[in-house]
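What follows is a set of notes on a single structure, which appears directly below.
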Amino acid sequence: MNIKELLKKMTLLSFDYVFVTDHNTLRFHKYNKYNKILPGVEIKTVEGDVLGLYVQDSIRKGLSVEEIIDKIHEQGGLAIAAHPFDKMREHFKHLNYKFDAVEVFNGRTIIQSYNQKAL
């Protein structure tokens with residue numbers, strides 16, 4: 001989806017803001033001039049993916065879960081376990097980390113019991 005389509009969809013849904021959490025990149029941050037797109041990223045760790053909200057600076061993928069969470073927190077961001085139990089993708093074996101939240105619904109999770117487990 002391009003930026004114009006996203007802004008149009010936001011208007012249709014009455015969204016004031018959205019986080020764009022592209023994988024391992026902050027490329028949508030340049031659109032923050034619209035003051036509707038909040039900075040975020042989805043970072044691949046050695047175990048699973050972590051969403052970083054309010055992240056301004058790039059974080060290298062492939063680090064440990066703890067390192068990624070610490071780097072997100074150092075930037076004042078929130079660290080969220082992404083699709084934590086989806087066995088069709090990289091996933092966490094447990095959630096004994098310092099996450100600020102857990103994603104409980106992921107639209108690409110095919111087997112809904114994985115979303116239910118996260119909930």
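The shown structure was predicted, so the numbers you read here are calculated from the model rather than taken from an experiment.
Taking the side chain as every heavy atom from C-beta outward, Val102 and Ile80 never approach each other to under 4.5 Å. When side chains are defined from C-beta on, Glu42 counts as touching His83, because their heavy atoms get closer than 4.5 Å. The shortest side-chain heavy-atom distance between Ile72 and Val50 falls under the 4.5 Å cut-off. Contact annotation: the side chain of Glu66 never approaches that of Thr45 to less than 4.5 Å [non-hydrogen atoms, C-beta and beyond]. Considering only heavy atoms from C-beta on, Leu51 comes within 4.5 Å of Thr21 through its side chain. Under the 4.5 Å side-chain criterion, counting only non-hydrogen atoms from C-beta, Asp70 is not in contact with Glu67. Residues Leu6 and Val20 are in side-chain contact: their nearest non-hydrogen atoms beyond the backbone lie under 4.5 Å apart. Side-chain atoms of Val65 and Phe99, non-hydrogen and from C-beta on, do get closer than 4.5 Å to each other.
Neither Leu12 nor Leu7 shares a network with the other; the hydrophobic side chains, linked directly or stepwise wherever heavy atoms of I, L, V, M, F, W or Y lie under 4.5 Å apart, form separate groups for each.
Asp49 and Lys44 make their closest contact through OD1-CA, 3.4 Å (heavy atoms, listed as atom of the first residue, atom of the second, distance). Nearest heavy-atom pair, Leu78 versus Asp100, reported as atom, atom and distance to 0.1 Å: CA-OD2, 3.3 Å. Closest approach of Tyr97 and Glu47 over heavy atoms only: OH-OE1, 2.5 Å. The minimum heavy-atom distance linking Ile43 with Lys61 is given by the pair CG2-CA, 4.0 Å. The minimum heavy-atom distance linking Pro84 with Glu103 is given by the pair CD-O, 3.4 Å.
To the nearest 0.5 Å, atom OG of residue Ser58 and atom NZ of residue Lys71 are 12.0 Å apart. Considering NE2 of His73 and NZ of Lys98, their distance stands at 9.0 Å, rounded to 0.5 Å. For the atom pair CG (Leu53) and CD (Gln75), the distance works out to 12.0 Å, reported to the nearest 0.5 Å.
Val46 pairs by the side chain to side chain contact (heavy atoms under 4.5 Å, CB included) definition with nothing, not counting sequence neighbours.
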